[in-house]
Every structure is written in C-alpha cells, then in structure tokens.
S.K.: 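Handing you a structure now.
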Number of protein chains: 2
Amino acid sequence: MPKPADAVASTAASRTPALTDDLSFLLARANAISLAAGNAALAEHGLKARSYSVLLLTTDDARPSQREIAEFLRLDPSQVVSLVDDLQSRGLVERRTDPADRRANVVVATDAGRRLAAAARETARSAEEHVHGQLTREERQRLTELLRVLAFPER
Amino acid sequence: MPKPADAVASTAASRTPALTDDLSFLLARANAISLAAGNAALAEHGLKARSYSVLLLTTDDARPSQREIAEFLRLDPSQVVSLVDDLQSRGLVERRTDPADRRANVVVATDAGRRLAAAARETARSAEEHVHGQLTREERQRLTELLRVLAFPER
DNA sequence: TATTGTTATACTCTATAACTATA
DNA sequence: TATAGTTATAGAGTATAACAATA
C-alpha cells in the first residue's frame, strides 16, 4: 500500500527533470502571463501587444519597411498588412513608398500615433512593473540580457 | 539636412528604451523561436509542444486531473478536452474517473504513452540544446531560475 | 528572376457560454 | 449552489500560396 508522504517526496525530489525545470516550458508560461497582462493593460488605448509593437517601431528613427517590421516581430508579412491597415485607419501611422525602392512601404507614425505610443508606453511600463515586480532591478537586468541572446541569436 | 551617421548613432545610443530592452518583447520573441523549434522537432513523434506537455504530465506520479492540467499549462479546460481526446485516440493516455471525486478525470499515460514520452523527451532535449546553445550551462541555470519566478509568481 | 506588399484561404488557437453529472 | 468535464461557436492568430508592381 503506497504511503502518501513517500509519494509526495518522490515527486518533489527523485524524479526525472519535469516541466518546471524546462526552459522552453517556463518561457512559454512566463510569456503567456506577460502577454495577458500586457494585452489587458493596453486595451485602454485600443491596442494589443502586437499593434503596440508595430506602433512603437514606427516611431523609431530607423523608419522600417513592412518587411523589416515583419522580420523583427517574427510575423508573416501578410499579418503586418492588417496590423498597419488598422493603425492607418485610425490615423496613427502612414505608409510612404520608399523613394529608394518603390516596392517598399516605409511606415511612420503620425503625431497622433506618437502621442498614443508615448501614453501606451507608460501603461505598458507600469503593467510590466506589476508582472515583473517579484524580481529585483538587477535580476530583471540580468534576465533581459540572457533573453536577448535567445531572442536574437548570432548567425 | 540630417546626416546619416548621426541618425545611426542616435538610434544606437541616445534613444528612449526600445523593444530590444523590453522584457515582455524579448520574452515573446525568445518564446516564438523556442516554440517553433520545439514543434518542428516533436513533429516526428506526431506531437506539438502542447500535446507533449500534456503527455509528460500524465507520466507524472502526481496523476493530475484535466482541471489541474489546464491550470498548470494555462489552458482552458475545453482545450485540454481535445488534447486528451487526441492522445487517448492514439492509445497514449487513459481517462480514469477519480474515485474520490467522480466528476474528475485523472489522465494517466499508457505504457505506449510512456515510451513515446521518453523518446520525445530526448528529441526535445536535443532541440533545446540547439536553441539554447548560445548560453553556457550556468547561464541556462540562472535563466531557468529567473523565469521560474515569472512563470510561477507567489500569490 | 527575385522581392515587396497584397489578397485569399484554410487551419490552429483562444475565449466564452451553456449543458451534464456530480459534489 | 458550485465544480469538472464536455460541447459548440465565434474570434484571433498562423501559415500558405498566388498575384501585381517593382527591382
């Protein structure tokens, strides 16, 4: 007859590596929590994590094309089409054909887009503060550095 | 007239914190890469990250119910239904009504399920090795600890 | 020929509500 | 009344292929 205490001990100690030790699983679960919190917070601006990211990129001096946005966010170019469609219909961004390559659309934020991006960034920041608040500033910094290696691997 | 060199310098240095410094964004991008690699690797066993995670949990001594699986994987209970349906139809897991609470289904792996889980775990391990290979063993260990805090926050 | 953006389509995933059986 | 599992459904996200304009 199995003893409950032993069963618990074996699950806690002598087991083969479980999901709670699995980097990929922890990445998935942490991301799910972070994404849900971000989407909930950004909703007040009519944004989600995706559209927020696109909007933020369009406020950048780098002036990315749709293709560059797709690569950076790991989205299919066709998904960027509808994200930019939405932001453009709300007057937040504009498409400008790149004079240097007239196939490409450079996407730039309008003044209204920049204002919304700034407000949304504050919202996102305080939502992150809440989600990541269990970590010290140093731990967050370290985590950011480690994740950057995984997110942007050297070729 | 803007000088290109200055523009590049400003994007690299004096800019407001961009997405590459954003923990939530890095989490999302790293997870997307890890998930894509995991799904590709597990395909040879007819599994994806989701079904693999469910199968692995059913090999655990803890004998989780569908509701517990849903909570642990942050899935809706209805999603667990179809994941378990699939695994069960392939003879990899069984549903047993919990004698202590006859509403609940305890999901347990069959022998075939255990064998597949073991093989899939090896596949997953080597896929992870490839994805996370840019980090040293110590860095991976540190990253795992930090992510665990975000993935399982104290209440 | 190859690439950028676009459209269309199918598929998966996610979220929600309602139902049943048990508690 | 509340909970576990199930079913159904609608919406969001993902993946693919084909096309026009441009390189």
Side-chain angles (χ1 to χ4, degrees), chain A residues 28-29 31-40 42-43 46-54 57-58 62-89 93-108, chain B residues 25 27-29 31-40 42-43 46-54 57-58 62-89 93-108:
Chain A
R29 198 177 204 272
N31 177 57
I33 291 172
S34 168
L35 184 62
N39 280 338
L42 290 166
L47 296 172
K48 297 184 180 183
R50 281 286 164 72
S51 44
Y52 169 69
S53 302
V54 172
L57 288 177
T58 66
R63 308 234 156 180
S65 69
Q66 292 189 191
R67 201 201 93 263
E68 289 166 335
I69 292 172
E71 268 180 22
F72 191 74
L73 300 180
R74 289 196 118 243
L75 298 175
D76 190 271
S78 66
Q79 296 177 258
V80 176
V81 170
S82 52
L83 285 164
V84 171
D85 279 351
D86 174 58
L87 293 174
Q88 188 173 36
S89 74
V93 304
E94 287 176 3
R95 279 184 242 238
R96 301 194 190 150
T97 68
D98 184 349
D101 181 348
R102 295 177 43 218
R103 296 171 300 181
N105 285 338
V106 167
V107 188
V108 290
Chain B
F25 167 69
L27 215 39
R29 198 176 204 273
N31 178 56
I33 291 172
S34 168
L35 184 62
N39 281 337
L42 290 167
L47 295 172
K48 296 184 182 183
R50 282 286 163 71
S51 45
Y52 169 69
S53 302
V54 171
L57 288 176
T58 66
R63 308 235 155 179
S65 69
Q66 291 189 192
R67 201 201 92 264
E68 288 167 335
I69 292 172
E71 268 180 22
F72 192 75
L73 299 180
R74 287 196 119 243
L75 299 175
D76 190 272
S78 66
Q79 296 177 259
V80 176
V81 170
S82 52
L83 285 165
V84 171
D85 280 351
D86 174 58
L87 293 174
Q88 189 174 36
S89 74
V93 305
E94 287 176 3
R95 279 183 241 238
R96 301 191 191 153
T97 67
D98 184 349
D101 181 347
R102 295 176 44 220
R103 295 171 301 182
N105 285 338
V106 168
V107 187
V108 290

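Everything quoted here is computed from the prediction, not taken from an experiment. Each chain gets a letter, A, B and so on, in the order its sequence line appears, and its residues count up from 1. Heavy-atom basis, side chains included; hydrogens, waters and symmetry copies ignored.
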S.K.: Expressed as a whole number of angstroms, how long is the span from B:Asp101:CG to D:dA2:P?
M.R.: 17 Å

S.K.: Take atom CG of B:Leu35 and atom P of C:dT12, then tell me their distance rounded to the nearest Å.
M.R.: 15 Å

S.K.: Can you say whether a donor on the side chain of A:Arg103 sits under 3.5 Å from an acceptor on the base of C:dT3, or the other way round?
M.R.: yes

S.K.: Could you check whether A:Asn105 gets within reach of a base, just the sugar-phosphate, or nothing at all, counting any heavy atom under 4.0 Å?
M.R.: sugar-phosphate

S.K.: Between the main-chain N or O of A:Lys48 and the side-chain N or O of A:Asn39, is there a donor-acceptor pair closer than 3.5 Å?
M.R.: no

S.K.: Compare every heavy atom of A:Ser82 with every heavy atom of A:Gln79, then report the nearest pair and how far apart it is.
M.R.: O-OG, 3.1 Å

S.K.: For A:Leu73 and A:Leu57: C-alpha separation, side-chain torsions, deciding distance, then whether side chain to side chain contact (heavy atoms under 4.5 Å, CB included) applies.
M.R.: CA-CA 10 Å; A:Leu73 300 180; A:Leu57 288 177; 4.0 Å; yes

S.K.: Output the rounded distance in Å from CZ (A:Arg74) to C1' (D:dA15).
M.R.: 13 Å

S.K.: For A:Leu75 and D:dT16, give me the distance from atom CG to atom P, rounded to whole Å.
M.R.: 14 Å

S.K.: Measure from CG on B:Leu83 to C1' on D:dT6 and round the result to the nearest Å.
M.R.: 14 Å

S.K.: Would you say the side-chain atoms of A:Glu71 pair up with the backbone N or O of A:Glu68, donor to acceptor, closer than 3.5 Å?
M.R.: no

S.K.: Hey, is the side chain of A:Arg95 poking within less than 4.0 Å of OP1 or OP2 on C:dT6, counting only N and O atoms?
M.R.: yes

S.K.: Nearest-Å distance, CG (A:Asp76) to C1' (C:dC11)?
M.R.: 14 Å

S.K.: In this structure, is the centre-to-centre distance between the rings of B:Phe25 and A:Tyr52 below 6.0 Å?
M.R.: no

S.K.: Report yes if a side-chain nitrogen or oxygen of B:Gln66 is closer than 4.0 Å to either non-bridging phosphate oxygen (OP1 or OP2) of D:dT6; otherwise report no.
M.R.: yes

S.K.: Classify the side chain of B:Ser78 versus the base of C:dT16 as yes if they form a donor-acceptor pair under 3.5 Å and no if they do not.
M.R.: yes

S.K.: Calculate the interatomic distance between B:Leu42 atom CG and C:dT12 atom P; express it in whole Å.
M.R.: 17 Å

S.K.: With a 4.0 Å cutoff (strictly under), does any side-chain N or O of B:Arg50 reach OP1 or OP2 of C:dT14?
M.R.: yes

S.K.: Any side-chain N or O of B:Lys48 below 4.0 angstrom from OP1/OP2 of C:dC13?
M.R.: yes

S.K.: At 4.0 Å (heavy atoms only), tell me whether B:Asp98 reaches a base, stays on the sugar-phosphate, or touches nothing.
M.R.: nothing

S.K.: Would you indicate which nucleotide in C:dT14, D:dA4, D:dT6 comes nearest to any side-chain atom of B:Arg67?
M.R.: D:dA4

S.K.: Toward the 5' end of DNA chain C, which comes first, B:Ala100 or A:Ser65, by nearest nucleotide?
M.R.: A:Ser65

S.K.: Quick one: is A:Asn39 getting a side-chain N or O under 4.0 Å of the D:dA12 phosphate, OP1 or OP2?
M.R.: no

S.K.: Within this structure, what is the CD-to-P distance between A:Gln79 and C:dT7, rounded to whole angstrom?
M.R.: 15 Å

